[in-house]
Amino acid sequence: MSTHEHTGDAARDGGYNFAYLDEQTKRSLRRGLLKAVAIPGYQVPFGGREMPLPYGWGTGGMQVTAAVLGQDDVLKVIDQGADDTTNAVSIRRFFVRTAGVQTTERTEEATVIQTRHRIPEIPLKSGQIMVFQVPIPEPLRFIEPSDSETRTMHALNDYGVMHVKLYEDIATYGHIATTYAYPVMVDGRYVMDPSPIPKFDNPKLAMSPALMLFGAGREKRLYALPPHTPVVSLDFEDHPFELPTWEHCCAFCGSTTSYLDELIVDDQGTRQFVCSDTDYCSRNSALQEAAQ
Amino acid sequence: MTAILSVRGVTHLYGADKGCQDVNFDLHAGEVLGIVGESGSGKSTLLGVLSGRLAPSCGSVVYRDSQGEAIDIYQASEARRRNLLRTEWGFVEQNPRDGLRMNVSAGANIGERQMAQGLRHYGRLREAGLKWLRQVEIDPARIDDLPGTFSGGMQQRLQIARNLVSSPRLLFMDEPTGGLDVSVQASLLDLLRGLVRELQLAVVIVTHDLAVARLLADRLMVMRRSRVVEAGLTDQVLDDPQHAYSQLLVSSVLQP
């Protein structure tokens with residue numbers, strides 16, 4: 001297909017094992033992932049490896065991707081929704097070099113999508129795997145610094161403090177001001193941090209036909225949402241969960257339904273709003289040009 | 001009348017005569033029990049064991065809950081114990097910083113127990129917060145302030161409000177007036193006495209201050225070197241102490 005940057009093993013560097021990690025490491029990651037899938041939302045510790053880039057740049061997500069990637073997979077990597085930013089480009093190139101897999105920018109053609117901060121606008125389908133890069137996997141960390149205590153709280157379903165944070169938001173700002181890493185209840189059991197995706201993307205987690213895997217490299221935790229898992233964003237009865245809305249449409253494609261980034265385009269502070277999902281935006285624009 | 005807390009042969013020792021041993025008593029609803037004794041006599045260890053925080057090496061602590069069911073605290077599951085601790089029980093720490101969440105507002109501190117019990121209505125949480133601030137004589141306008149901006153006495157009162165919001169039946173207090181100056185102590189004691197009578201709370205209060213014990217407690221236990229050396233009605237123990245150590249303790253109080 002023309003959108004693929006590379007095909008097959010041609011680009012692969014033979015000096016590395018397939019997808020960089022050794023087979024035993026990948027097997028241990030898969031065991032952890034199987035456990036994570038079996039207990040949706042539960043954080044599974046794993047023996048994280050050093051990756052050739054710093055913590056915070058997606059080492060957890062890359063290890064998960066390496067563990068699930070096969071020779072026939074088609075990989076898409078996004079950073080804040082964009083396929084062409086530094087993090088996305090370098091991670092994509094990393095897997096082309098170490099695994100020789102095909103890559104794509106088109107959401108529906110990808111079998112594995114590694115992401116930082118977004119879920120694509122185009123609906124995911126059965127058979128696709130989303131891999132999230134997670135900085136802080138523990139949703140209770142902000143209020144409870146002790147890890148043994150947070151694990152006990154998870155084990156005993158002791159989640160009263162989660163609403164303390166939302167309460168503070170309303171008391172301070174008059175509404176729930178948490179806009180990203182918005183905590184969710186998974187399958188009525190575990191409270192989970194959905195990684196720093198905007199809360200706009202939270203509804204896409206619920207009952208998704210795709211498998212969602214989360215990897216935190218620094219904290220060495222894996223967790224997962226199997227397909228069709230109920231996921232509910234926490235809220236109050238009199239302050240229900242709300243999606244953000246914009247008064248503008250995308251300056252490029254005119255979309256009124258996608259998640260928009262605010263850009264300041266000159267020294268006078270002129271603002272523009274554009275889609276954060278570059279694949280969605282460029283294809284939307286192309287469709288409109290074709291129609292004219 | 002059945003006791004709400006029955007303690008039998010409770011022992012937790014760190015070394016010979018360090019900790020508490022062979023403590024027995026019954027506590028009834030609405031009753032205030034004071035535990036007095038010198039530093040290191042095992043008062044706080046005993047309180048830890050009674051309140052489900054420190055497993056005894058032998059003996060049992062049985063609590064009768066609001067449904068009348070008897071729960072052996074250390075046989076019950078940890079989930080059950082935690083649930084009791086944040087519903088029917090309260091614990092007021094000596095240092096309010098240990099009992100409060102210092103990084104969230106006063107209102108959130110008060111509301112936490114109700115949120116843990118599943119109340120998901122901001123308006124009602126807010127109402128309860130304002131009501132309890134008034135109850136403990138803190139200006140309701142300070143509901144959104146952090147506890148760190150409160151004085152020591154206010155922090156202690158906030159801690160009490162945070163515990164009482166779930167309408168507990170049993171309250172544990174560890175030196176609640178420690179570190180407060182005398183006038184603040186007096187107003188806090190006054191408040192506590194009022195709340196205890198009004199809400200019919202059973203209280204176990206640890207103190208080394210006999211005046212606090214005299215004011216709040218119906219009954220007293222005097223501890224020395226891990227053992228209870230004397231127990232009885234407060235006035236009886238303080239006015240006519242029988243054990244040599246109790247006599248020493250009572251005679252040590254300075255009369256201004």
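Side-chain atoms are counted along with the backbone in the values below, which use heavy atoms only and exclude waters and symmetry mates. So that the names make sense, note that chain A is the first sequence line, chain B the second, and so on, each numbered from 1. This is a predicted model, so every value here is computed, not measured.
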Quiz prompt | Neighbours of chain B found in residues 136-163 of chain A - heavy atoms under 4.5 Å | solution = A/F142, A/I143, A/E144, A/E149, A/T152, A/M153, A/L156, A/D158, A/G160, A/V161, A/H163
Exercise. List the atom of A/D238, the atom of B/G123, and the distance in Å for their closest heavy-atom pair.
Key: OD2-N, 2.6 Å
Quiz item: So which part of B/Q114 gets closer than 4.5 Å to some heavy atom of chain A, the side chain, the backbone, both or neither?
Solution: neither
Practice problem: Look at atom CD of A/E50 and say whether more than 12 heavy atoms of other residues, nucleotides or ligands are closer to it than 6.0 Å. | Solution: no
Quiz item: Can you tell me how far CD1 of A/I170 sits from CG of B/L125, rounded to the nearest 0.5 angstrom?
Solution: 9.0 Å
Quiz prompt | A/R271, CZ: over 12 other non-hydrogen atoms inside 6.0 angstrom | solution = no
Quiz item: What is the distance from atom CZ of B/R120 to atom CD of A/E237, rounded to the nearest 0.5 Å?
Solution: 9.0 Å
Practice problem: Fit a plane to each ring of B/Y122 and A/Y167, take the angle between them on a 0 to 90° scale, and name the class: parallel (under 30°), tilted (30 to 60°) or perpendicular (over 60°). | Solution: tilted
Self-check item: More than 12 heavy atoms from other groups under 6.0 Å of CZ on B/R97
Solution: no
Quiz prompt | Distance (rounded to the nearest 0.5 Å) between B/N103 CG and A/K165 NZ | solution = 11.5 Å
Quiz item: Of the backbone (N, CA, C, O) and the side chain (C-beta and beyond), which part of B/R86 lies under 4.5 Å from a heavy atom of chain A, both, or neither?
Solution: side chain
Quiz item: What's the shortest heavy-atom distance between A/E168 and B/V104, and which atoms?
Solution: OE1-CA, 3.5 Å
Exercise. Flag the one option from B/A108, B/G107, B/A116 with the top tally of heavy-atom pairs under 4.5 Å to chain A.
Key: B/A108
Practice problem: Could you tell me which of B/S77, B/G111, B/S105, B/G118 has the largest number of non-hydrogen atom pairs under 4.5 Å with chain A? | Solution: B/S105
Self-check item: Pairwise side-chain contact, B/M115 with A/F236, heavy-atom cut-off 4.5 Å (strictly under)
Solution: yes
Quiz item: For atom OH of B/Y14, is the number of surrounding heavy atoms from other residues, nucleotides or ligands below 6.0 Å larger than 12?
Solution: yes
Self-check item: Results of side-chain hydrogen bond (donor to acceptor under 3.5 Å, both in side chains) for B/Q159 - residues two or more places apart only
Solution: B/Q156
